[in-house]
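So the structure is just underneath, and the comments pick up after that.
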Number of protein chains: 2
Amino acid sequence: MSAVPVETSRDRRRQAIIEVARRIFLENGYGATSMSSIAAAVGGSKGTLYAYFRSKTELFSAVVQDISGQFGETEFSLAVQGSDLKRDLIAIGSRLMTFIRRPEAMAMQRLVIGEAERFPELGQAFYDAGPRRKLAALATAFETLMEQGRLRRGDPTLAAEHFFALCQARGHHRVLWNVGPAPDAKHLRAEIEISVQAFCDAYAPSLAPLPVAERQGCEPRSKPHSLASV
Amino acid sequence: MSAVPVETSRDRRRQAIIEVARRIFLENGYGATSMSSIAAAVGGSKGTLYAYFRSKTELFSAVVQDISGQFGETEFSLAVQGSDLKRDLIAIGSRLMTFIRRPEAMAMQRLVIGEAERFPELGQAFYDAGPRRKLAALATAFETLMEQGRLRRGDPTLAAEHFFALCQARGHHRVLWNVGPAPDAKHLRAEIEISVQAFCDAYAPSLAPLPVAERQGCEPRSKPHSLASV
DNA sequence: AAAAAACCGTACTGTACGGTACGAATATCT
DNA sequence: AGATATTCGTACCGTACAGTACGGTTTTTT
């Protein structure tokens, strides 16, 4: 644990390379991106590039890690504060969708999904840093609501997944498959309002508790994401 | 409209090539698949390959079209026949999930999503042939149920999308991102049972009708998928 | 059987890639 | 200023790729 996070010039340069590389990887995909083009865009030489990253896969890995970190660190409230549950959920859903539907975020998802079979660690790292964290935060909020009797009892994590799924139901696959334009703010809002209504009805506290299914392994709960090598 | 679908030997060979190419594309992705390897796997020469397909992109397009066709043509009942709605929905959900979670189907989704930005027509064609059709069939069934007062009134297509989303909620993203193993049959079943329960509660006929949001353009209803060129 | 078409194997072209080598230029540190 | 580390530009290596060319061979048609 170093006390002061020294920001050497090397670190800055490394970060600059990552940011340029990110743009190009996101635009062109992994296979269609050449190290030469990255070096040219970064304004340096290829030799320098290889002084910072030993290979193309290592640079790619660094880029995905970097974005994953941003995904995880981008905080927005997932807490339910007010007395109007529906209203709060609409706000949460809007923030979530606005966040993950940004063009850059979509490009990232396409990139990681497309390479998930060849770079399994990256899919894992991205999921851990992004979706898993958000789901966990949401689940915590839902757990409290369940205990307060404001939400139907059941598996809080599954409730979070259901909430997320309902919010994405209409638009996400279209966007993922690049079918038609992304919904504008107005449609997104209407979409979420109906989804939240459906969610609130499905999880009305007056209903009998939902069964809690045993969860299949693969939850490294307290392991953020090491990803030492790729 | 030719009266008889003559199956020439050329057609058969073309189909054989497509089937081999499909396997290799699905295994390796678009960029990492070479025409030479396809020719070798097909047992022919590269010249022959180019006698059937003018370019790599054209072959890729043919492959995606072919699979899309299979996705669309693979029929399984999405109708609700019995008096036990929940039971029928569980059966439908199971069939749907089993179908789209096959390793080949998952590889296909990853492939199309990964290339969706560079081959927009393919994303569209796949969506039209696969998900859109299933959703439309399900929506038809739901519309009837709504009219019969067995399901809450609202937009039937949105209801189908919600149903689909709830069924996928837990496992799909994990599978798409290649995080952990795919759920086995037992877990899948339990997952779907809870999802269907939530859906039935969200769409209980006793609830007030859901608002019907105006749908954003991009529904070429009566246009199957031409995809003349890529 | 003769003619036509399709196919095969192989070699080739041009290009692009990941990665390396190296001397010159530049910046950084003491 | 002098020593040191870093960066630059460029050329290069080996490889692999999409796509073409072509002569010999098999299959199909007439």
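The figures here come from the full heavy-atom set of this structure, side chains too, leaving out hydrogens, waters and symmetry mates. Here is the naming used below: chain letters follow the sequence lines, and residue numbers restart at 1 for every chain.
Taking atom OH on A:Tyr52 and atom P on D:dT7, their separation rounds to 4 Å, with Å as the unit. The nearest whole Å value for the distance from the CD1 atom in A:Ile17 to the P atom in D:dC8 is 9 Å. Computed from coordinates, the B:Arg13 CZ to D:dT27 P distance equals 12 Å when rounded to whole Å.
A distance of 12.0 Å separates CD in B:Glu214 from CG in B:Asp155, rounded to the nearest 0.5 Å.
Listed by residue number, A:Thr33, A:Ser34 are the residues of residues 25-34 of chain A with a heavy-atom contact under 4.0 Å to DNA chain C.
Ring pair B:Phe164/A:His173 is tilted by interplanar angle, where 30° to 60° counts as tilted.
For the pair A:Arg14 and D:dT6, the criterion of a side-chain N or O lying under 4.0 Å from OP1 or OP2 is not met.
Checking D:dT7, C:dC8, C:dT20 against the side-chain heavy atoms of A:Tyr50 singles out C:dT20 as nearest. Considering only side-chain atoms of A:Ser45, the nucleotide from D:dA18, D:dG9, D:dT7 that sits closest is D:dG9. The side chain of B:Ser55 has D:dG19 as its nearest neighbour among D:dG19, C:dC7, D:dC8.
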>> If you apply the rule side chain to side chain contact (heavy atoms under 4.5 Å, CB included), what do you find for B:Leu135 with B:Tyr127, and how did you get there?
In response: CA-CA 10 Å; B:Leu135 282 174; B:Tyr127 181 75; 3.9 Å; yes

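Residue contacts for B:Gly47: at a heavy-atom cut-off of 4.0 Å it reaches no nucleic acid atom on any strand shown.
Nucleotides of DNA chain C nearest to A:Ser37 and B:Gly43 differ in position, and the one nearer the 5' end is that of B:Gly43. Nearer to the 5' terminus of DNA chain D, by closest-nucleotide assignment, is the contact made by A:Lys46 (compared with the other of A:Lys46 and B:Arg54).
Side-chain contact check for B:Thr57 and B:Ser55: at least one donor-acceptor pair (N or O, by modelled atom type) lies under 3.5 Å.
The two atoms that bring A:Leu26 and A:Glu104 nearest to each other are CD1-CG, 3.4 Å, heavy atoms only. The minimum heavy-atom distance between A:Tyr52 and A:Arg14, with the atom names listed, is O-NH1, 3.7 Å.
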